[in-house]
Each structure stands twice: as C-alpha cells, then as structure tokens.
Amino acid sequence: GGFSEKQEASVKESWEVMKHNIPELSLRFFTLILEIAPAAKDMFSFLRDTDVIPQDNPRLKAHAVKVFKMTCESAIQLHEKGEVVVGDTTLKWLGSVHLQKGVIDPHFEVVKEALLRTVKEALGEKWNEEMNGAWGEAYDHLATAIKNKMRAES
Ligand code: HEM
Ligand code: ISQ
C-alpha cells in the first residue's frame with residue numbers, strides 16, 4: 001500500500017519526457033490499443049469511417065493526451081492524498097461517456113497494456129521497471145473510479 005514519493009516522481013518524470021512527442025505518442029498508444037483489440041475501433045467516433053488510423057487527427061491526439069494526463073494526475077493524487085479524487089462531475093461524465101460507448105471491464109486491461117507499452121517505448125533507455133509499476137498502479141486507481149461510476153449509472 002501507499003504510493004511513494006519515488007513512484008510519483010517516476011510518473012511525473014516520464015511524462016515530462018513523453019509530452020515533447022505528443023503526435024507520435026498518441027498515435028502509438030492508439031495503434032497498440034487496436035493491435036490488442038481490433039474490435040475497439042468502431043467505438044471511437046474519429047475512426048469509425050476509416051480503415052487507417054489517421055496520422056494527424058487533432059481529436060485523436062487530444063483524447064490520447066487526456067488519458068495520459070489523467071493517469072499522471074492520478075499518480076500525484078495517490079501520493080498526496082492516498083486516493084484518486086477526480087472531480088465528481090468529471091467522473092460522472094467519464095462514466096457516462098464510456099458506458100454509452102459500450103466500454104466493458106476487460107477493455108480497461110487493453111488500454112492499460114497499451115499505455116504501459118507506450119510509456120516503455122517512449123522512454124527507451126530511460127525506461128525502468130519501476131515506471132511500469134507506478135503508471136500501472138496510477139492507471140488502476142483511475143480505472144476503478146471510472147468503472148464504479150459506470151456501474152452506478154447502469
Ligand atoms: C472517451 C479517458 C478508458 C474508450 C474518453 C474521454 C476521456 C477518456 C477523457 C473523453 C474525451 C472527450 O470527449 O474529450 C479515459 C481514461 C480511461 C479510459 C482516463 C482509463 C483510466 C477507456 C477504455 C476504453 C475507452 C478502457 C475502451 C477501449 C473510449 C471511447 C471514448 C472515450 C470509445 C469516446 C471517444 C469518441 O469521442 O468517440 N476516454 N478512457 N476508454 N473512451 Fe476512454
Ligand atoms: C479514450 N479513452 C481511452 C483511451 C483512448 C486512447 C486514445 C484516444 C482516446 C481514448
């Protein structure tokens with residue numbers, strides 16, 4: 001238990017590196033999601049009518065960055081407060097968006113896998129095992145909060 005200072009720093013530091021390469025990062029993240037779960041494609045409005053993942057789609061980029069930023073924020077809160085406190089309005093909104101898009105629990109593992117692999121690839125030689133643990137834990141807490149809201153709404 002407890003999210004250490006070191007874990008928080010590890011997430012923050014890796015994001016500092018990653019954020020300088022948003023276009024590539026978001027594309028890679030998305031490509032990995034669809035590699036692991038090809039059927040997820042049709043859930044995303046910006047992919048529904050195309051066969052290729054758009055290389056330079058502002059909506060895709062903005063979405064992907066949000067997921068990373070929220071996970072990063074989750075790490076900070078886990079350390080500072082011991083829990084993830086996403087604003088209740090944001091959480092409700094996220095719950096209903098995902099519920100409405102047909103997202104189910106196993107999908108969260110897919111996105112997690114893709115996120116961790118994106119971090120690993122983006123960091124290259126700077127990557128270490130601790131980053132996996134820290135990002136994974138931060139993501140899990142956030143995912144649990146969203147899943148709980150989804151359940152409360154369904
Ligand atoms: C939409 C974050 C997990 C699929 C969104 C949006 C955010 C977000 C912020 C709304 C973007 C916007 O409208 O501005 C997250 C976070 C997750 C998570 C933080 C986990 C901790 C998942 C999972 C799936 C998924 C597991 C399933 C593969 C979608 C879809 C949309 C969406 C289909 C709607 C995209 C569209 O506009 O067509 N997500 N998400 N998300 N998310 Fe997630
Ligand atoms: C929305 N939810 C989860 C993961 C995503 C990845 C890329 C773009 C949007 C996303």
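One-based numbering, in listed order, for ligands and for the atoms of each. Computed from a predicted structure; not experimentally measured.
- Of the protein's heavy atoms, Phe44 CZ, 3.5 Å lies nearest to atom 4 (C) of ligand 1.
- Distances below 4.0 Å separate heavy atoms of Val97 from the following atoms of ligand 1: 1 (C).
- Open room surrounds CD on Glu24; 12 or fewer heavy atoms of other groups in view lie less than 6.0 Å from it.
- Across Phe30, Phe46, Phe108, heavy-atom proximity to atom 7 (C) of ligand 2 is greatest for Phe30.
- Regarding atom 6 (C) of ligand 2, its nearest protein heavy-atom neighbour is Phe29 CE2, 3.5 Å.
- Under the 4.5 Å side-chain criterion, counting only non-hydrogen atoms from C-beta, Leu47 is in contact with Phe30.
- Remark: ligand 1 atoms within the under-4.0 Å shell around heavy atoms of Tyr139 are 20 (C), 21 (C).
- With hydrogens left out, the protein atom closest to atom 37 (O) of ligand 1 is Ser45 OG, 3.3 Å, a heavy atom.
- Salt bridge status for Lys12 with Glu8: present, with a side-chain N to carboxylate O gap under 4.0 Å.
- The single protein non-hydrogen atom nearest to atom 9 (C) of ligand 2 is His63 CB, 3.1 Å, given as residue, atom name and distance.
- Taken to the nearest 0.5 Å, the CG atom of Leu91 stands 5.5 Å off from the NZ atom of Lys149.
- Contact atoms of ligand 1 toward Val67: 2 (C), 15 (C) (distance under 4.0 Å to a heavy atom of the residue).
- Within the 4.5 Å cutoff, the side chain of Glu83 has no heavy atoms near those of the Gln77 side chain.
- Between the choices Glu109, Gln100, Arg59, His98, the shortest heavy-atom distance to atom 15 (C) of ligand 1 belongs to His98.
- The nearest heavy-atom contact from the protein to atom 34 (C) of ligand 1 is Lys101 CE, 3.5 Å.
- Heavy-atom proximity to Leu142, at under 4.0 Å, picks out these atoms of ligand 1: 19 (C), 21 (C).
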- request: Apply side-chain contact (heavy atoms from CB on, under 4.5 Å) to the pair Phe29 and Leu25, showing each step before the final yes or no.
  value: CA-CA 6 Å; Phe29 182 34; Leu25 176 100; 5.6 Å; no
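- No close placement of the His141 and Phe3 rings is indicated, their centers lying 6.0 Å or farther apart.
- Of all protein heavy atoms, the one closest to atom 3 (C) of ligand 2 is Val67 CG2, 3.7 Å.
- When Ile146, Val111, Val86 are ranked by how near their heavy atoms come to atom 17 (C) of ligand 1, first place goes to Ile146.
- The distance criterion of under 3.5 Å between nitrogen or oxygen atoms is not met by Trp93 with respect to ligand 1.
- Within the 4.0 Å heavy-atom shell around ligand 1 one does not find Val110.
- Side-chain atoms of Asn128 come within 3.5 Å of backbone N or O of Met131 as a donor-acceptor pair.
- In this structure, the side chain of Ser74 does not engage the main chain of Met70 through any donor-acceptor pair within 3.5 Å.
- Taking a 6.0 Å sphere around NZ of Lys120, one finds it holds 12 or fewer heavy atoms contributed by other residues, nucleotides or ligands.
- Taking 2.8 Å as the threshold, His63 does not count as a candidate ligand of atom 43 (Fe) of ligand 1, since none of its N, O or S atoms lies below it.
- For atom 10 (C) of ligand 2, the nearest protein heavy atom (residue, atom name, distance) is Phe44 CE2, 3.7 Å.
- Atom 6 (C) of ligand 1 has its closest protein heavy atom at Leu94 CD2, 4.0 Å.
- When Lys41, Lys66, His107, Glu73 are ranked by how near their heavy atoms come to atom 14 (O) of ligand 1, first place goes to Lys66.
- With a heavy-atom cut-off of 4.0 Å, Met43 touches ligand 1 through backbone and side chain alike.
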